[in-house]
Amino acid sequence: MGHIVSDNDRCVGCLACVVTCMDHHFAAEDHNAVSFRTYKAVDLSKGLTQYLTDSCRHCADAPCIDACPVSCISRDNNGWTKVDRDECVGCRACLNACPYALPVFDAEGKSRRCDGCMACVQVCPNGALRLGE
């Protein structure tokens, strides 16, 4: 299965991927806007900081699919996992099942995930993001 892979050694923490994700998927006035990319800064020794960004890995075995009690998670024709937001009840079973703790939730408490649009890859100034396996 493909997913967006991050080379965290090349990431400088500019957040272009996070902002672009939100701009690409939501209108400016949408209060449910949430980036499908997670982001955090980790303090390293000697005052250095490493930036980490990630998104749904669309796992081959995708434990989130089986964990969802209302079966709102499935695969599209390209193999990307997707969520039917009309069916999602916000129980977070997918988050508990995800080995990477990557599902994100919007203001309504419903799951959101990367859809493979590649907008984040295209905007990354350092080439830290790419489509990978």
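Since the structure is predicted, the reported quantities are computational estimates derived from the model, not experimental observations.
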Chemist: In sequence, state the C-alpha distance, the side-chain angles, and the governing distance for Thr53 and Arg37, and then conclude on side chain to side chain donor-acceptor pair (under 3.5 Å).
Modeler: CA-CA 6 Å; Thr53 180; Arg37 296 207 60 78; 2.9 Å; yes
Chemist: For the residue pair Phe26 and Phe36, categorise the inter-ring angle as parallel (less than 30°), tilted (30 to 60°) or perpendicular (more than 60°).
Modeler: perpendicular
Chemist: Looking only at atom types and distance, does a side-chain atom of Asn126 sit under 3.5 Å from a main-chain N or O of Ala128, one as donor and one as acceptor?
Modeler: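 No; judged by distance alone, with no hydrogens or angles, the pair does not exist.
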Chemist: Kindly compute the distance separating OG (Ser74) from NZ (Lys82), expressed to the nearest 0.5 Å.
Modeler: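 Output value for this atom pair is 4.5 Å.
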Chemist: With side chains defined as the heavy atoms from C-beta onward, is the minimum distance between Gln50 and Asp43 less than 4.5 Å?
Modeler: no
Chemist: Would you kindly check if the NZ (Lys) or CZ (Arg) of Arg112 is within the cone defined by 45 degrees around the ring axis of Phe105 and under 6.0 Å from the six-membered ring centre?
Modeler: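 No - Arg112 does not lie over the ring of Phe105 by the 6.0 Å and 45° rule.
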Chemist: Would you check if the side chain of Lys110 reaches a backbone N or O of Arg85 as a donor-acceptor pair within less than 3.5 Å?
Modeler: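 Yes: the side chain of Lys110 pairs with the backbone of Arg85.
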Chemist: Could you tell me which non-hydrogen atom of Val123 sits nearest to which non-hydrogen atom of Ala16, and how far apart they are?
Modeler: CG1-O, 3.7 Å
Chemist: Please answer: with hydrophobic residues joined when any side-chain heavy atoms are less than 4.5 Å apart, are Trp80 and Val121 in the same cluster?
Modeler: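 Both belong to a single hydrophobic cluster.
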Chemist: Search all heavy atoms of Leu129 against all heavy atoms of Cys124 and return the closest pair with its distance.
Modeler: N-SG, 4.0 Å
Chemist: Do the side chains of Pro63 and Cys98 get nearer than 4.5 Å, heavy atoms only?
Modeler: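 When only atoms from C-beta onward are counted, Pro63 and Cys98 do not touch, as no gap falls below 4.5 Å.
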Chemist: Looking only at non-hydrogen atoms, find the nearest pair between Arg113 and Cys56 and report the distance.
Modeler: NH1-SG, 3.6 Å
Chemist: Do any N or O atoms from the side chain of His24 and from the backbone of Thr20 form a donor-acceptor pair under 3.5 angstrom?
Modeler: no
Chemist: Do Val5 and Leu131 make a side-chain contact, defined as non-hydrogen atoms from C-beta onward lying under 4.5 Å apart?
Modeler: no
Chemist: Atom SG in Cys72, atom CD1 in Ile65: separation rounded to 0.5 Å?
Modeler: 10.5 Å
Chemist: Please find the pair of heavy atoms, one from Ile4 and one from Cys120, that lie closest to each other, and give the distance.
Modeler: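 Looks like CG2-SG, 4.0 Å.
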Chemist: Taking atom OH of Tyr100 and atom OG of Ser55, what is their separation to the nearest 0.5 Å?
Modeler: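 Output value for this atom pair is 12.0 Å.
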Chemist: In sequence, state the C-alpha distance, the side-chain angles, and the governing distance for Cys68 and Cys94, and then conclude on side-chain contact (heavy atoms from CB on, under 4.5 Å).
Modeler: CA-CA 6 Å; Cys68 181; Cys94 57; 5.7 Å; no
Chemist: Determine whether a donor-acceptor pair (N or O, by modelled atom type, separation under 3.5 Å) exists between the side chain of His58 and the backbone of His3.
Modeler: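 No: the side chain of His58 does not pair with the backbone of His3.
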Chemist: Which heavy atom of Cys64 sits nearest to which heavy atom of Ile73, and what is that distance?
Modeler: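 Cys64 and Ile73 have their closest heavy atoms at O-CD1, 3.6 Å.
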Chemist: For residues Val12 and Val42: do they belong to one hydrophobic cluster (side chain heavy atoms under 4.5 Å, members Ile, Leu, Val, Met, Phe, Trp, Tyr)?
Modeler: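 No, no single cluster joins them.
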Chemist: Between Asp7 and Arg130 (salt bridge meaning N to carboxylate O under 4.0 Å), is one present in this structure?
Modeler: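 No, no charged N to carboxylate O under 4.0 Å.
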Chemist: Which pair of heavy atoms, one from Ser111 and one from Cys88, lies closest together, and at what distance?
Modeler: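 Looking at all heavy atoms of both residues, the shortest contact is N-SG, 3.4 Å.
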Chemist: Under the side-chain contact (heavy atoms from CB on, under 4.5 Å) criterion, do Leu15 and Tyr39 qualify, and how do the steps go?
Modeler: CA-CA 8 Å; Leu15 298 178; Tyr39 168 84; 3.3 Å; yes
Chemist: Does Thr49 form a side-chain contact (heavy atoms from CB on, under 4.5 Å) with Leu44? I'd like the steps, not just the answer.
Modeler: CA-CA 5 Å; Thr49 301; Leu44 304 174; over 6 Å; no
Chemist: Using 0.5 Å steps for rounding, measure from the CG atom of Asn8 to the OH atom of Tyr51.
Modeler: 12.5 Å
Chemist: Tell me, do Met22 and Asp30 make a side-chain contact under 4.5 Å, heavy atoms counted?
Modeler: no
